[in-house]
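In what follows, every chain begins at residue 1, and chains take the letters A, B, ... in the order their sequences are listed.
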Amino acid sequence: MTLHLAIYDNPTGVQIGEYAPRASDLSITTNEHGFESCSVNLRLSLNEAFKLYDRPGLPHLVITDETGTVAWEGRLEDVTLTPAGVQLTALGYWRAMADIPYTAIWSSTTVDEWRPITTLDRGAGYPEERHSFDFERRVLIAPNKGTTYSTGFVGSATTETPSGGARVFATFSFDYEVLLPVTWVVRCLAAARDWSSASVLWTLNATGALQTGSQSLTTGAFDRLDFQLYYNNAVLTNHPNENGDNYAQFTNLRAKSTTASTVLADAIASALVTYVNGINSAQISSSAALIQSPALDLKDELYEDEYPADILTRLARLGDNQTPPRQWEVGVWGERRLHLRPRGSAAQAWYVDATDLQLQRSLESLTNSVYPVYEDANGNAVRGTTSADSASVSRYGLTRRTALSVSTTSSTQANVQRDMLLADRKDPLPRASISFSAVYDAGGVRRPLYAIRSGDTITIRNLPPALSSAIDKIRTFRISRTDYRADDDTISVEPEAALPTLETLLARQQEGF
Amino acid sequence: MPAAFTVLEMSGGGNGISLVDGVNYALVDSGWAPTVAARRVGTLAGSGPYEDVDEEITVNVLGTTAAIALDNLQTLSEILDVADRWSQGDTSSPALITCQPQGSISTGELQSLIIGRGGGSGFLGLPVTFNDQLMIYEISNVKIRFKRRGQWISNDDTAGSISGSPANIATSMSASFAAFSSGVISPVNISLIKASGYKTQLPAGYVLIGNGVDFTITEAESLTATAYTSVADSANNARGGSVLRYTPTVTTLTQTATYTRTAGTDAQQLTFFANVRNNSASATWIMRVRASRLGVNVVTPDTLIDASTLLPRIISLGSLSLPSSNTSAVTLRLEITASTTSGPPTLDIDYIVAMRTDGNYGRVIAIDAEPVVTASKTELRITHRALAAPGPLVAYYAAGSIAQGWRGDAFLVMGSTVYVAWLATNGDAKWNLMNAAASAIENVTLTATQDPAYLVPQ
């Protein structure tokens with residue numbers, strides 16, 4: 001099998017040249033996000049070298065094998081003139097997801113972004129000092145005893161989309177609890193960021209009795225949401241009741257920038273593809289055909305100046321709605337198409353005979369006994385029940401115990417996290433270095449080494465029968481990174497370190513799953 | 001008749017010298033041990049299957065006067081300087097070494113491309129006694145060091161037979177060469193000729209090249225099944241007059257009928273291509289091939305057919321591997337998943353190609369679409385240029401080469417028979433490549449020439 005190297009003026013453009021016969025030191029790498037890097041030296045005359053160096057645009061480099069299949073492709077970012085020609089470095093198109101920062105709100109359930117509207121915002125008609133506000137897990141607006149009110153004085157709290165954001169509000173839902181005398185009015189509005197226009201979404205006239213309920217509103221395309229409270233009479237009237245007796249309280253808030261009932265990672269990924277493609281159309285394909293849905297409703301997704309690459313990596317880490325949740329992967333392989341899918345769903349299985357094997361067992365990361373430390377309802381530290389893995393203690397001849405601090409008052413939750421840490425660390429993966437010179441596919445056919453990619457699995461056929469689970473852990477492993485060198489037809493692979501289940505659990509908990 | 005004398009010559013830059021003429025140059029005793037090339041380990045394409053090798057030849061430079069001897073030395077250095085400049089891209093004229101041992105019965109002399117400096121301290125090594133023997137018009141023990149291509153290639157081409165002109169461009173054509181004793185596979189040049197000229201802007205396609213009966217072309221309309229119907233499309237010159245149309249009722253995976261590939265039953269790796277047309281501007285399709293042999297079922301990777309065009313296009317469906325068997329045929333079928341049933345959208349398939357690609361059996365050259373209108377071409381040429389250039393060339397030809405973008409290893413090395421198929425559409429609604437007037441399907445003629453190659457001088 002041979003590899004052909006060609007450079008085009010852009011991904012869908014004209015071939016500048018084909019350079020395989022003049023190439024040396026070709027290295028292509030892949031990682032969890034697809035094609036990673038390609039470096040190569042080309043023996044060129046000065047004129048030819050300058051054609052590559054002094055060229056507008058962002059050339060496209062593609063390496064093709066004998067079956068016409070793309071073995072690697074990316075964008076040519078670095079060109080270095082050398083005495084013998086040029087040295088080229090190309091990077092995979094996942095890089096395109098780190099070109100343009102992204103700001104947008106997709107969903108918010110927190111009250112962190114709510115604040116009172118002040119006279120500085122909207123003038124004398126919005127005196128914040130005449131009302132009380134509370135933003136501790138709720139939005140609460142209340143009149144104060146002995147303060148006078150009229151239609152000229154509105155108590156209002158507001159939130160807004162991030163400045164310069166790509167999306168506006170589309171829906172807003174909340175629960176309300178209102179206890180106000182008659183003549184008082186509570187409203188919800190959507191408005192332009194500068195309040196130059198507004199739409200009243202919901203109005204409630206107080207009855208003097210407790211009024212509760214829920215609202216699910218379509219906001220229209222606005223950047224701002226307001227709650228308002230005012231005494232609906234032009235005559236200034238003193239409020240006689242004690243502080244806290246009257247209020248308008250809003251909880252279980254959710255503001256979304258989509259009319260869909262849920263906010264899913266695939267919708268965000270598709271929007272990011274459109275966003276990046278809208279600015280750099282030649283970098284990422286506009287196709288979303290390879291984006292699957294993890295089916296997790298994401299409640300709090302606010303991005304401010306974040307790169308799509310970071311956003312998507314985090315979303316993939318959240319997993320999906322399966323029990324237990326599957327790990328997902330996101331990246332760009334061929335045709336510059338972004339994919340979002342369960343990790344390994346498109347993987348190939350390879351089989352090798354190791355020609356050199358180095359294993360190192362270390363107790364450095366061993367923990368086979370754990371107890372949680374959490375707080376009771378009174379804030380006192382509680383050291384929970386110790387759990388140990390007897391098989392691990394027996395194998396290593398040692399009990400290594402860790403105290404795990406857990407932010408909870410629930411012993412049940414504390415024990416869940418205790419058990420996850422124990423599962424992650426009771427049998428640490430040996431450090432392994434493996435060499436092989438040939439690879440076979442599931443059909444037993446020898447295939448070129450460069451066909452191995454990140455995400456594929458490798459099974460070492462010539463290890464002794466399983467003596468312990470530690471051996472089994474390296475017999476078959478998923479690849480996190482590959483580095484192939486064409487000059488001597490060799491490849492090095494890095495096993496994937498399994499994402500600790502505790503880390504995944506905590507990330508999902510932060511999202512409310 | 002056997003060669004009466006050994007031939008050992010170098011040429012380049014308009015100069016040509018014989019290193020064994022005994023008048024200007026003489027090989028010293030034990031002055032040359034030809035290096036035998038090993039198989040290339042690196043996988044970069046375009047330089048042939050054998051490693052480049054270093055040679056060192058020791059000669060005495062002679063003359064009838066001291067000045068002539070020195071001039072002969074200068075001529076030698078100029079030839080080597082041409083090789084040096086060529087390797088750096090400063091000139092398009094290469095330097096060659098030519099050899100034919102005494103007693104050789106090969107019809108042509110063997111040549112190898114000098115591609116650069118060999119190991120050591122430069123092209124030409126002069127002795128410290130450089131001028132000691134000029135009084136007898138001799139410079140002794142001059143070492144010539146260079147790197148050359150690993151194969152010795154005969155300059156007496158073996159022309160291949162010309163196959164007939166098929167009615168469809170997507171047809172397996174073959175050319176055979178006279179057998180020769182070398183077990184080393186030899187470089188091959190291929191031409192796909194249309195004497196009256198191809199259209200002026202040719203679309204993308206694939207040229208498949210194989211050593212044996214390596215690929216089969218199947219009319220897709222023979223694979224009817226539920227939701228898969230045969231539809232006539234001779235108006236667009238579908239191969240065989242019809243296409244297979246998939247009209248989805250579900251967005252889950254569906255299958256065509258099966259077909260059997262009986263050729264090349266011992267093939268272990270197959271690569272697939274299809275000529276398809278997405279008739280929807282929004283629907284996308286996932287297509288793959290399922291193969292079965294000896295009860296083992298395997299599939300190619302999923303290939304996405306997007307909605308970027310409503311015109312026919314050739315797509316690669318990737319490769320799969322099968323258990324080896326000398327007798328069992330392979331059962332094949334297509335599997336397709338539609339992104340939507342709203343419309344409903346339809347996908348047409350004209351033909352499917354299965355090509356053997358394990359070992360050295362098959363080679364695929366992907367031809368880029370011509371970006372602009374060019375002159376009417378008469379040939380598509382794939383030339384190895386083993387004695388002329390750093391790498392091969394794929395080009396259309398119209399009284400001169402029109403460089404063409406391509407991907408794949410165009411340094412073709414084949415056995416005694418080469419099989420070729422050209423997969424291409426017309427770049428418009430036509431399934432087949434048409435003539436310039438778009439009035440008829442292109443008929444092409446395959447010619448192939450093979451340059452016998454050796455690892456040791458013959």
Side-chain angles (χ1 to χ4, degrees), chain A residues 1-6 8 13-24 26 40 43-49 62-71 84-85 285-290 334-335 337 346 348 440-451 484-490, chain B residues 40-47 49 85 87-90 116 206 208 268-269 271 273 284-286 296 298 301-302 304-308 316 318-324 339 355 357-360 362-366 368 371-372 389-394 403-411:
Chain A
M1 279 285 191
T2 52
L3 295 174
H4 178 260
L5 188 155
Y8 291 76
V14 177
Q15 190 177 91
I16 296 170
E18 60 87 27
Y19 298 99
R22 302 200 209 180
S24 63
L26 173 69
V40 64
R43 295 183 305 279
L44 300 176
S45 67
L46 192 62
N47 277 342
E48 291 172 313
V62 60
I63 297 174
T64 311
D65 70 14
E66 284 187 348
T67 66
T69 303
V70 171
S285 167
S286 60
S287 170
L290 301 182
E335 305 288 334
R337 293 192 185 112
Q348 291 208 68
Y440 301 85
D441 62 21
V445 176
R446 184 172 178 178
R447 299 288 298 279
L449 294 175
Y450 54 76
Y484 174 77
R485 293 176 187 275
D487 279 5
D488 52 8
D489 192 26
T490 57
Chain B
R40 190 179 297 275
V41 173
T43 51
L44 283 165
S47 305
R85 290 167 51 216
S87 70
Q88 295 175 3
D90 283 348
Y206 292 89
L208 313 184
Q268 283 190 276
Q269 181 177 335
T271 300
F273 302 85
T284 61
W285 315 81
I286 300 289
V296 175
V298 289
D302 289 346
L304 175 71
I305 301 171
D306 62 18
S308 61
S316 169
S319 306
L320 51 76
S321 300
L322 290 158
S324 174
S339 65
M355 175 182 183
T357 49
D358 54 292
N360 193 43
R363 191 77 62 85
V364 176
I365 307 293
D368 293 344
V372 294
L393 179 68
V394 177
Q404 174 59 30
W406 91 89
R407 286 169 286 117
D409 190 355
F411 195 108

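Residue A:Ser287 comes nearest to B:Leu304 through the heavy atom pair OG-CD2, 3.7 Å, listed as atom of the first residue, atom of the second, then distance. The two residues B:Ala45 and A:Ala20 have their closest heavy-atom pair at O-CB, 3.2 Å. Smallest separation of non-hydrogen atoms from A:Thr67 and B:Gln269: CG2-NE2, 4.1 Å. When all heavy atoms of B:Arg407 and A:Ala6 are compared, the closest pair comes out as CG-CB, 4.3 Å. When every heavy atom of A:Arg447 is checked against every heavy atom of B:Ser321, the shortest pair comes out as NH1-OG, 3.7 Å.
Ranked by heavy-atom pairs under 4.5 Å with chain B, the first of A:Val70, A:Ile63, A:Thr2 is A:Thr2. Annotation: maximal heavy-atom pairing with chain A below 4.5 Å, among B:Pro371, B:Pro390, B:Gly318, B:Ala366, occurs at B:Pro390.
Here B:Ile286 contributes atom CD1 and A:Leu290 contributes atom CG; the two are 6.0 Å apart, rounded to the nearest 0.5 Å. In this structure, CE in A:Met1 is found 5.5 Å from OG1 in B:Thr357, a value given to the nearest 0.5 Å. The distance from atom CG of A:Asp65 to atom OG of B:Ser319, rounded to the nearest 0.5 Å, is 7.0 Å.
For a residue to count as touching a neighbouring chain, one of its non-hydrogen atoms must lie under 4.5 Å from one of that chain's; by this rule A:Arg485 does not touch chain B. For A:Val40, no part sits under 4.5 Å from any heavy atom of chain B, backbone or side chain. Neither the backbone nor the side chain of A:Tyr19 comes within less than 4.5 Å of any heavy atom in chain B. Contacts between B:Pro49 and chain A at a heavy-atom distance below 4.5 Å are absent for every atom of the residue. Contact of B:Phe273 with chain A is made through the side chain alone, with heavy-atom distances under 4.5 Å. Neither the backbone nor the side chain of A:Ser286 comes within contact range of chain B, judged by heavy atoms closer than 4.5 Å.
Between B:Asp306 and A:Glu335 there is no side-chain heavy-atom pair separated by less than 4.5 Å. Between A:Tyr8 and B:Asp368, the closest side-chain pair of non-hydrogen atoms falls below 4.5 Å.
In this structure, A:Gln15 contributes its side chain and B:Trp406 its backbone to a donor-acceptor pair below 3.5 Å.
Exactly one of B:Val41, B:Leu44, B:Thr43 qualifies for a side chain to side chain contact (heavy atoms under 4.5 Å, CB included) with A:Asp487. That residue is B:Leu44.
More than 12 heavy atoms of other shown residues, nucleotides or ligands fall within 6.0 angstrom of atom CG in A:Asp488.
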